[in-house]
Amino acid sequence: MASDEAALTLAPARPAPWRDPKLRAIAYQIVFVAAVVGAVGFLVHNMLGNISRQNIATGFGFLRKEAAFGIGESLIPYSPADTYGRAFLVGLSNTLYVAALGIVLATILGTVMGLARLSGNWLVAKLAQIYVETFRNIPLLLQLFFWWGLLNTAAPAPRQAWQVLPDVFVSNRGIAYPVPVASPAYKWMALAVVVALALLVPLRRWAAARQAATGRQFPRGWAGLGIVLGLPLIVFVAFGAPFALSVPSLHGFNFSGGSAVSPEFAALLLGLVIYSGTFIAEIVRAGILAVSWGQSEAAMALGLKSGQRMRLVVLPQALRVIVPPLTSQYLSLTKNSSLAVAIGFPDLVSIANTTMNQTGQAIEGIAMIMAVYLFISLSISLAMNLYNRAVALVER
Amino acid sequence: MADIAQDIPVVRQAPPPRSTRALGWLRVHLFSSVFNSILTLLAVGLLAAAVPPLVRWALIDAIWSAPNGQACHAGGACWAFIGEKMRFILFGRYPADQEWRPIAVVAIFIAMIAAACVRPLWGRRLAVVWFAGLSAAFLLMAGGLPGLRPVETGLWSGLPLTLILAVIAMLFGFPLGVLLALGRRSRLPAVRGICVGYIELVRGVPLITVLFMASLMLPLFLPAGVTIDKVLRAQVAFILFAAAYLAEVVRGGLQAIPKGQIEAADALGLSYLQRTRLIVLPQALAMVIPPLVNTFIGMFKDTSLVLIVSLFDLLGATEFALTDSNWQGFAVEADVFIAAIYWSFCFFMSRYSQLLEREFNRGKQR
Amino acid sequence: MSDAKATPGPTQGAMIELQAVHKWYGDFHVLRDINLQVQKGEKVVVCGPSGSGKSTMIRCVNRLEEHQQGRIVVAGIELNADMKNIEAIRREVGMVFQQFNLFPHLTVLQNLTLAPIWVRKLPKKEAEETARYYLERVRIPDQADKYPGQLSGGQQQRVAIARSLCMKPEIMLFDEPTSALAPEMIKEVLDVMIGLAEDGMTMVCVTHEMGFARTVADMMVFMDRGEVIERAPPKDFFANPKNERTRTFLSQILTH
Ligand SMILES: Nc1ncnc2c1ncn2[C@@H]1O[C@H](COP(=O)(O)OP(=O)(O)O)[C@@H](O)[C@H]1O
Ligand SMILES: [Mg+2]
């Protein structure tokens, strides 16, 4: 009978509900969600019970209370009289600062080492390989302890500080280095850099238009570099080249003048850069090797010169391979910066840890750390996806 | 053809003489251009500046035995400290008179890992060996049998703890990771959503937060009166953490299975479970063995973080050994020593993973 | 009522019956009003330009694709969302793919015994006997313990055919089984298919091997843009195609 109906309407007949894959799918999902919700509910129920039994405070009210602990270094003004909320901000800014600096430096180190491993120079390639294989295979936390121990215990007191570079002193108080004395010229130079960067756009357009019209190539790279460096230089000279360095010098038991970073910050940055640098070196190397030799040969056969070959053929393809793993490396560097808590650098996690110990509000503390890192991770993933989409479009 | 070739007189010409071999090698590999020569000189300069002081510190000026810390400060490395503290660094607070037990456990673990690296052994027999090995290791560590004094987990420390945390995390995280990966590729949106959410949540936050969560929040999650061991708490954190990373590794393998494989299985009438178990997983997992080894290396290094939740793994025991007031200021020596332990293990495993990868690639080209 | 249909009863009439079948990919109407009957033992060859919906049509027969309108009855079983029916039909219908789709992690013998053991629940011994019998029939009895990667394309495709036959299907579907093969291997696969046809298997083949079609087909079906344009016995089909599009198509593939 059912088949007669089906023949009339010519619509596929519905099966018995328990043999209908669509209904089954819905049933499976309901069971799965119910199981997950049940398990989470059980945990939350226990948690609420435990919280009320142990009289643990809840809510984020503590953020407005006085923190009453000092923070060794901070990018924004802070004193123990400030709130937990402000302390949290200090930690966040420290995390972002060390992560951003670490990403820049690790990229430079990793790229140099990755290229060095591909170098035809045997000695250079070997040294780069030793660097990569040594530091990649030792836990980062151990490396942090090592650098911190080296700076804190093995390094001498400021009086006998090691002078590693002219006017750069390493002691158990950290690393002291010279900085230029502030001058109004610098502000204008910064502005000049911005102007120069803005000028690059019309320059590029003009060069492309000229090439289209006459076929002549314009050395865009060099001209651009010239503008970006030259314009600030002109401003600098126009201000009478005000170049005064504030040099660290020993006063009593410590250095004054110049600028200094704490052993904790130095150890954290050094560890992050050296450890992540090994992974970035491998990513760069693999990316360049992934561009087949055939591509280079084809470019050679077309008569492109070595620089053009790299810029027009190899790099664009290598970047497509390099960028995704590089991004995840940046993410792990940022997450790894949380190891600061072990050597006492006041990053987000370390301040949240102190807060949790003082207030006993572990749940809120951990929730805040997780929210911040998730936000960072998701933003970077989003940027990554946008980049991938852009690259995919170029591909077609 | 062959006889024609014989008729033509062949003029054999030797290749042009190459410069003496060593000199030629140097020219090609170190001084091929001005830029390369400068690089070579810089590298030699760097080596000349770094190697002699290092050798002097580590070997020439080093002190190999000393009664106490004060007698050990002489400009060179104090290896006497390592000799003094070796037992504590390796086995931590485990009762000293029971030392043979952690030694045996480490030996068992190393033997099991070595066995797992021998491909002909892969299969059911290896699983049996591992099951037996793990049971034996656990019994040895915990004791409780006649003749074996019970030792509470709070005293488990040093290298055995490091090995246990890493290996168990992989072993238990793996099935969980496979399920998560399958869930992430499921056609059921609710299952997919929850799996994606879990994976991204765990991978998006630092391991430390997962450890904090396990050590601070896990007790709150349990019903009143139920307590959970500190080591177990950390172990749970590592399992949950490893599962998320393993899920992504496995997903890579699942994605590489051609659609035709699934269609063929469907056309033969296999069900979802049969298809997954017989066709999809065997291929997907075989493909991801090298990255699985890499994940294991990562986990092994990551176990060092338990020190932050005050467990005494290899690194934790070392840091504790450094607090001895009779032996102050030997952090560098101690760090170098355990770095060598971590390094040997990770280096061996990563070489092994590279070897596997090369073999697999060769297999693919056939 | 539906239970009665789930068991492949004595075949009254067609082995495969498609009635007014429609299918869309999103807004794209890939199958339009397909009507087709295949009798027991009949051999149907489907041809048509690339993208005309040939694969989609035969994949609807064993539910690798889902049709959205119309009726499909295979071996007496109505094909609808009922999982029981889908399982039953897949047991009765063998399929051979253009890309072989052998399981590379299993030996040839394991490829052949997998479905009989897990789907038909045959004892392993019996499944292996059947497998060896069919390996003999596709003329590679000595390759049983090799892996697919160690075989040539032609051998792989013959293993794929044997794999389907091991399920003792009533119907075999072929989706361009020789298109991925080097010319010298096409014949060995076609010979196996001809042998199968001679034994009376019900077959639907998507192929452009017109020589094969002439010798084997009882019925030619020409598809274009999702429609069945023409249907005729091979003699008429090749001698005087009625439709303009058929003529163009035939002139294109026969001049090559
Ligand atoms: N999964 C899919 N999603 C969207 N369009 C599809 C899909 N599969 C096939 N098509 C389209 O359906 C049409 C018919 O495909 P197919 O049946 O494979 O043609 P044939 O086998 O005759 O070459 C083609 O235009 C193809 O692009
Ligand atoms: Mg097709």
Side-chain angles (χ1 to χ4, degrees), chain B residues 119-124 126-127 178 181-182 185-189 249-250 252-292 356-366, chain C residues 55 58-59 61-66 83-106 110-121 146-151 156-157 159-169 171-175 180:
Chain B
R119 283 183 73 179
L121 290 181
W122 289 3
R124 200 151 296 166
L126 189 65
V178 170
L182 289 173
R185 289 184 51 82
S186 161
R187 265 184 307 176
L188 313 177
V249 171
V250 172
L254 293 178
Q255 273 171 336
I257 305 279
K259 224 173 117 215
Q261 291 289 309
I262 290 168
E263 289 178 350
D266 282 347
L268 287 172
L270 297 180
S271 68
Y272 172 82
L273 286 180
Q274 290 172 336
R275 184 180 86 195
T276 305
R277 191 158 68 84
L278 300 168
I279 306 299
V280 176
L281 280 182
Q283 296 185 59
L285 296 183
M287 249 183 279
V288 296
I289 289 173
L292 283 178
L356 277 182
E357 203 155 355
R358 233 171 297 143
E359 256 172 51
F360 283 14
N361 285 341
R362 206 176 305 135
K364 248 180 266 160
Q365 277 158 16
R366 184 189 54 209
Chain C
S55 299
I58 68 166
R59 288 156 62 90
V61 172
N62 65 350
R63 253 298 156 121
L64 288 184
E65 304 285 353
E66 192 177 331
M83 298 166 68
K84 208 48 169 263
N85 292 2
I86 297 173
E87 285 163 18
I89 285 176
R90 284 182 177 164
R91 276 199 296 269
E92 301 310 325
V93 178
M95 183 168 214
V96 176
F97 300 86
Q98 181 176 351
Q99 298 297 340
F100 329 142
N101 292 344
L102 291 178
F103 304 129
H105 62 301
L106 302 178
Q110 288 168 332
N111 263 283
L112 265 59
T113 55
L114 182 87
I117 289 176
W118 289 94
V119 180
R120 284 239 187 257
K121 317 274 186 218
K146 287 199 178 161
Y147 284 89
Q150 296 167 298
L151 305 182
Q156 288 191 46
Q157 192 61 297
V159 171
I161 296 174
R163 179 175 70 179
S164 294
L165 293 177
C166 281
M167 286 291 283
K168 305 249 170 78
I171 302 166
M172 285 287 286
L173 307 174
F174 294 84
D175 190 359

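Order of the sequence lines sets the chain letters (A, B, ...), proteins ahead of strands, with each chain counted from 1. If you're wondering where the values come from, they're calculated on a predicted model, not measured in any experiment.
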[X], part contacting chain C, at a heavy-atom distance under 4.5 Å:
X      : answer
B:A286 : neither
B:Q274 : side chain
B:R277 : side chain

Within 6.0 Å of CZ in B:R119, more than 12 heavy atoms from elsewhere: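 Correct, the count exceeds 12.
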Could you check whether any side-chain N or O of [X] sits under 3.5 Å from a backbone N or O of [Y], counting only pairs where one atom can act as donor and the other as acceptor?
X      : Y      : result
C:H105 : B:L278 : yes
C:E87  : B:L270 : no
C:N101 : B:G260 : yes

Heavy-atom contact with chain B under 4.5 Å, split by part of C:F103: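 Contact with chain B: backbone and side chain both.
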Atom group of C:I89 that falls short of 4.5 Å from chain B, counting heavy atoms: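 Contact with chain B is absent: no heavy atom of C:I89 under 4.5 Å.
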Test item: B:L268 and C:V119 side chains (from C-beta on) under 4.5 Å apart, heavy atoms: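 Side-chain contact under 4.5 Å: no.
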Nearest non-hydrogen partners of B:A267 and C:F97, listed with the distance: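 Distance-wise, the nearest heavy atoms are CB-CZ, 4.1 Å.
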Smallest separation among heavy atoms of B:Q283 and C:P104, with atom names: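 Between these two residues, the closest heavy atoms are OE1-CG, 3.2 Å.
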Euclidean distance, C:L106 CG relative to B:I279 CD1, rounded to 0.5 Å: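 Nearest 0.5 Å value for the CD1-CG distance: 5.5 Å.
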Between C:M95, C:Q99, C:R163, C:R91, the one whose heavy-atom pairs under 4.5 Å with chain B are most numerous: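 It is C:R163.
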